[in-house]
Amino acid sequence: MTPPQEHGERAPAAAFEAATGDGPAPTEPPAQREAAVRVAFEGLLQIRRLMNTGHPDPLSAPASWERNQMVRAIALALEAAGIPPSTVGAAGERTATGYRVGPADQPAVVRVEWLGPAGSGAAQEEPEALRRCADALRPLGWEALEYRGARRHRYLEVEAAT
């Protein structure tokens, strides 16, 4: 049981989760979400500063935490770059067009797709949208290669650059 709040106390904030494109639309106002993303991304950059001290440019290489949490790290980088995530409704249907980040078929690789609701035109947006995703990830030390899968569906496979 949670103790009652004292006068003036706020309820603890929920832990931040980067949008992977497989969840519902954010419930907080856009400005509040943008601020949370900005703070989380600055935290990620601080981790890089502290953990990558042997690297000539610590901010340009993923830290070990990111390599162990690649889906989260890549989703955060995309969201911080202002690229919208896809969203999913209660019945599992796509409700917004955007990126989706998930594990790939091989270890230490993440798959980035551009998905949207049926009839949204997401397939036509794929080449440009995936290029924007790759352009946002490369300066952060991620290698993003484009592939074509079933029905010529394009996607990126992303891994830490060596």
Practice task
For atom CG of Asp57, decide whether the heavy atoms of other residues, nucleotides or ligands shown that lie under 6.0 angstrom number more than 12.
Solution key: yes

Handout entry: Between CG on residue Leu59 and CD on residue Gln46, distance to nearest 0.5 Å
Key = 9.0 Å

Please tabulate, for the side chains in residues 132-140, all donor-acceptor contacts under 3.5 angstrom to protein atoms that are two or more places apart in sequence or on a different chain.
{"from": "Asp135", "atom 1": "OD2", "to": "Arg131", "atom 2": "NH1", "distance (Å)": "2.4"}
{"from": "Arg138", "atom 1": "NH2", "to": "Ala144", "atom 2": "O", "distance (Å)": "2.7"}

Check: residues 80-87 side-chain donor-acceptor pairs under 3.5 Å, at least two apart:
{"from": "Ser86", "atom 1": "OG", "to": "Arg94", "atom 2": "NH1", "distance (Å)": "3.1"}
{"from": "Ser86", "atom 1": "OG", "to": "Ala96", "atom 2": "O", "distance (Å)": "2.7"}
{"from": "Thr87", "atom 1": "OG1", "to": "Thr95", "atom 2": "OG1", "distance (Å)": "2.5"}
{"from": "Thr87", "atom 1": "OG1", "to": "Ala96", "atom 2": "N", "distance (Å)": "3.3"}

Practice task
Give a yes or no on whether the backbone of Ala129 and the side-chain of Tyr99 come within a donor-acceptor separation of less than 3.5 Å.
Solution key: no

Handout entry: Approximate separation, where rounding is to 0.5 Å, of Glu79 CD and Glu34 CD
Key = 9.5 Å

Exercise for the section: For the pair Glu66 (side chain) and Ala73 (backbone), establish whether a donor and an acceptor sit closer than 3.5 Å, ignoring hydrogens and angles. Expected result: no

Fill in the blank from the handout: Here the pair of heavy atoms bringing Ala77 nearest to Phe41 is CA-CE1, 4.1 Å

Handout entry: From Tyr147 atom OH to Arg154 atom CZ, the distance as rounded to the nearest 0.5 Å
Key = 14.5 Å

Could you go through residues 112-124 and list every donor-acceptor pair under 3.5 Å that involves a side-chain atom there, pairing it with any protein atom two or more places apart or in another chain?
{"from": "Glu113", "atom 1": "OE1", "to": "Arg100", "atom 2": "NH1", "distance (Å)": "3.2"}
{"from": "Glu113", "atom 1": "OE2", "to": "His153", "atom 2": "NE2", "distance (Å)": "3.0"}
{"from": "Trp114", "atom 1": "NE1", "to": "Glu125", "atom 2": "OE1", "distance (Å)": "2.9"}
{"from": "Ser120", "atom 1": "OG", "to": "Thr97", "atom 2": "OG1", "distance (Å)": "3.3"}
{"from": "Ser120", "atom 1": "OG", "to": "Pro117", "atom 2": "O", "distance (Å)": "2.8"}
{"from": "Ser120", "atom 1": "OG", "to": "Ala122", "atom 2": "N", "distance (Å)": "3.3"}

Problem - Residues Glu157 and Gln106: side-chain donor-acceptor under 3.5 angstrom - result: yes

Exercise for the section: Could you grab the distance from atom CG of Asn52 to atom CG of Leu45, nearest 0.5 Å is fine? Expected result: 10.5 Å

